[in-house]
Amino acid sequence: MKKAPILFTLCLFFLVWSGCQPSDDPDPATPATAALTLTGFSPASGTAGTPVTLTGTNFSTTTDNTVKFNGTAATVSAATATSLTVSVPTGASTGKVTVQVGTQTVTSTGDFTVTQPASPVTITGFTPATGAAGTS
């Protein structure tokens, strides 16, 4: 009869011990963060205000994305998990584009080229000041 309490105690110990062992499975309460990628942008150049579409993976679908053109912050106007639409910010210069979502930051492999707007053509004068049609 002494075997029953000892057997019960051993079984109870084993159950408690096995429940306390670390699991190889990740904690389901802490989901793994998927890797952020930036695979490209289009167009590759433009002036301040030019809309640019960035493509990649694991972007925030809200406005929780920080986009910078060579260090100058841009405003995100549309966001999906694979696409961001931004405008080239005023004061941006040619260089890498970065995207930050949470604690992850990715940088483009190529540079975005910031171009200057074309200067308007100004006529300062002409000669002759008068003449018949066809006069050169």
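Each residue takes its place number in the sequence, starting with 1. This structure is a prediction, so every number in the text was calculated from the model and none was measured.
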4.5 Å side-chain heavy-atom contact, Leu38 and Leu54: yes
Go through the side-chain N and O atoms of Ser42 and Thr53 and say whether any donor and acceptor fall under 3.5 Å apart. no
Using modelled atom types only, decide if a donor and an acceptor are shared between the side chain of Gln104 and the backbone of Val106 within a distance under 3.5 Å. no
Do the non-hydrogen side-chain atoms of Val99 and Leu84 ever get within less than 4.5 Å of each other? yes
Taking every heavy atom of Thr72 against every heavy atom of Gly91, the minimum-distance pair comes out as OG1-O, 3.8 Å
Please confirm whether the backbone N or O of Ser60 pairs with a side-chain atom of Asn65, one donor and one acceptor, at under 3.5 Å? yes
Test side-chain contact (heavy atoms from CB on, under 4.5 Å) applied to Pro51 - qualifying residues, sequence neighbours left out: none
Which pair of non-hydrogen atoms, one from Pro89 and one from Ala48, has the smallest distance, and what is that distance? O-CB, 4.0 Å
If every non-hydrogen atom of Thr47 is compared with every non-hydrogen atom of Thr50, which pair is closest and at what distance? O-OG1, 2.7 Å
Closest non-hydrogen atoms of Ala74 and Ser87, given as atom of the first, atom of the second and distance, are CB-O, 3.5 Å
Side chains of Thr94 and Asp111: donor-acceptor distance under 3.5 Å anywhere? no
Under the 3.5 angstrom rule, does the side chain of Ser83 hit a backbone N or O of Thr80 as a donor-acceptor pair? no
Which residue pairs pass the salt bridge (charged side-chain N to carboxylate O under 4.0 Å, His left out) test when at least one of the two sits in residues 47-62, sequence neighbours left out? none
Residue pair Thr39 / Thr55, side-chain donor-acceptor N/O under 3.5 Å: yes
Is there a side-chain contact between Val88 and Val52, using heavy atoms and a 4.5 Å cut-off? yes
Using only atom types and a distance under 3.5 Å, with no angle test, would you say the side chain of Thr57 pairs donor to acceptor with the backbone of Thr82? no
Grab the two heavy atoms, one from Thr62 and one from Ala79, that are nearest each other, plus how far apart they are. O-CB, 3.4 Å
If we only count heavy atoms from C-beta on, is the Val67 to Val97 side-chain gap below 4.5 Å? yes
Is a side-chain donor or acceptor of Lys96 paired with a backbone partner of Thr109 at a separation under 3.5 angstrom? yes
Using the test ring pair (Phe, Tyr, Trp, His ring centres under 6.0 Å), find all partners of Phe69 that sit at least two apart in sequence or belong to another chain. Phe112
